[in-house]
Amino acid sequence: MNDTFGKIVSIWIGCVLLFLLPISFYAKEQDQMERLFLLTETTYFVDSIRNTGVLTDSMLEKFEKKISLLSGFYQIEMEHASQIYTSSQDTYSFQQDCYYTKQILEELDLNGKYTFFQGDFFKVSIVEVKNSFGKRLQNLLLGITEQPETIAAYYGGMIRCEVE
């Protein structure tokens, strides 16, 4: 009986080592490649907006389409910060207006484009709402429960060009 139990345990450990560990390794590699892809595409998207000063419907649709091809479910969050300087006699005051995804999308629906001014800041964050296949497999093997939403990639900077 002891010999049979030992054989069953050794077969189970062999299956884990031969099948599940390599699958877990490749799933982790796929997850890292997806994050690199997200960062690259986010950088390209934000830099094209920073260089032109305009966000159009077609630019956003292309970006959403590229992100939707990945195995996880991602949400795009945008932020536009604009500085306002006011002066009254000898004092200067500084205010910052922030516009977020909802307001930017409303403007895109109305006009088809969203314009920025030179010196404004624009940031895009990609939030992972549903885990990718690699993370789900890792969580299953390690016994980890679902993690809350995490930021997969973010990028931003100052608008260089102003649309006239």
Side-chain angles (χ1 to χ4, degrees), residues 22-88 92-164:
I23 290 172
S24 174
F25 173 75
Y26 286 119
K28 186 176 180 181
E29 289 294 317
Q30 177 191 4
D31 202 35
Q32 287 179 350
M33 288 187 337
E34 280 188 8
R35 286 189 181 269
L36 183 61
F37 178 78
L38 276 174
L39 182 62
T40 304
E41 289 301 320
T42 304
T43 303
Y44 178 76
F45 175 68
V46 172
D47 280 346
S48 65
I49 292 169
R50 289 175 55 208
N51 289 335
T52 60
V54 175
L55 169 63
T56 62
D57 279 336
S58 62
M59 292 169 69
L60 187 60
E61 286 175 12
K62 280 182 190 176
F63 184 57
E64 287 174 341
K65 190 179 286 187
K66 287 179 183 178
I67 288 178
S68 69
L69 297 174
L70 300 174
S71 65
F73 182 70
Y74 300 98
Q75 180 180 355
I76 301 170
E77 294 182 359
M78 296 178 280
E79 181 180 337
H80 169 213
S82 179
Q83 288 90 17
I84 299 172
Y85 299 101
T86 57
S87 63
S88 58
Y92 292 97
S93 65
F94 168 76
Q95 250 183 334
Q96 188 169 12
D97 279 346
C98 290
Y99 304 97
Y100 297 99
T101 306
K102 184 179 177 183
Q103 293 138 337
I104 294 172
L105 292 178
E106 287 173 358
E107 181 71 24
L108 279 175
D109 288 339
L110 289 176
N111 299 330
K113 68 178 182 176
Y114 186 85
T115 57
F116 299 89
F117 295 105
Q118 191 172 12
D120 289 355
F121 287 93
F122 181 65
K123 180 179 119 176
V124 173
S125 300
I126 308 296
V127 179
E128 187 175 16
V129 178
K130 184 179 176 187
N131 287 340
S132 63
F133 174 72
K135 278 196 176 177
R136 282 183 278 175
L137 184 64
Q138 259 183 331
N139 292 346
L140 177 69
L141 290 175
L142 298 175
I144 300 172
T145 59
E146 288 291 319
Q147 297 176 353
E149 296 178 353
T150 57
I151 295 179
Y154 65 92
Y155 186 73
M158 187 184 302
I159 303 296
R160 295 183 211 132
C161 186
E162 178 179 351
V163 174
E164 307 201 12

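Values reported hereafter were calculated over all heavy atoms of this structure, with side chains retained and with hydrogens, waters and symmetry mates removed.
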So, do I76 and T101 sit near enough that their side-chain heavy atoms are less than 4.5 Å apart?
-> no

Check: Is it true that atom CD of Q96 has more than 12 heavy atoms of other residues, nucleotides or ligands lying nearer than 6.0 Å?
Finding: yes

Taken to the nearest 0.5 Å, the spacing of L36 CG from E41 CD works out to 10.5 Å

Using a 3.5 Å distance criterion without hydrogens, assess whether the side chain of Q118 forms a donor-acceptor pair with backbone atoms of R160.
yes

Here the gap from Y99 atom OH to E106 atom CD, rounded to the nearest 0.5 Å, amounts to 12.5 Å

V46 and G156 have their tightest heavy-atom pair at CG1-CA, 3.9 Å

Shortest non-hydrogen pair, M59 vs S48, comes out as CE-OG, 3.4 Å

Closest heavy-atom pair, F116 versus V54, reported as atoms and distance to 0.1 Å, is CD1-N, 4.2 Å

*R50 and D47 ion-paired at < 4.0 Å*: yes

Do T42 side-chain atoms and L39 backbone N/O form a donor-acceptor pair below 3.5 Å?
-> no

Residues F37 and K66: closest non-hydrogen pair is CE2-O, 3.7 Å

Rounded to the nearest 0.5 angstrom, the OH-CD1 distance for Y74 and I67 is 9.0 Å

Correct closest heavy-atom pair for S125 and K123 would be OG-CE, 3.5 Å

query: With a cut-off of 6.0 Å (strictly less than), are more than 12 heavy atoms of other residues, nucleotides or ligands near OH of Y154?
result: no

Value for OG1 (T115) from CG (D120), rounded to nearest 0.5 Å, stands at 9.0 Å

Here the gap from L55 atom CG to M78 atom CE, rounded to the nearest 0.5 Å, amounts to 6.0 Å

Closest heavy-atom pair, Y114 versus L108, reported as atoms and distance to 0.1 Å, is N-CD2, 3.8 Å

In this structure, CG of D97 is separated from CD of Q103 (nearest 0.5 Å) by 10.0 Å

Exercise. Parallel under 30°, tilted from 30 to 60°, perpendicular over 60°: which one fits the rings of F63 and F45?
Worked result: parallel

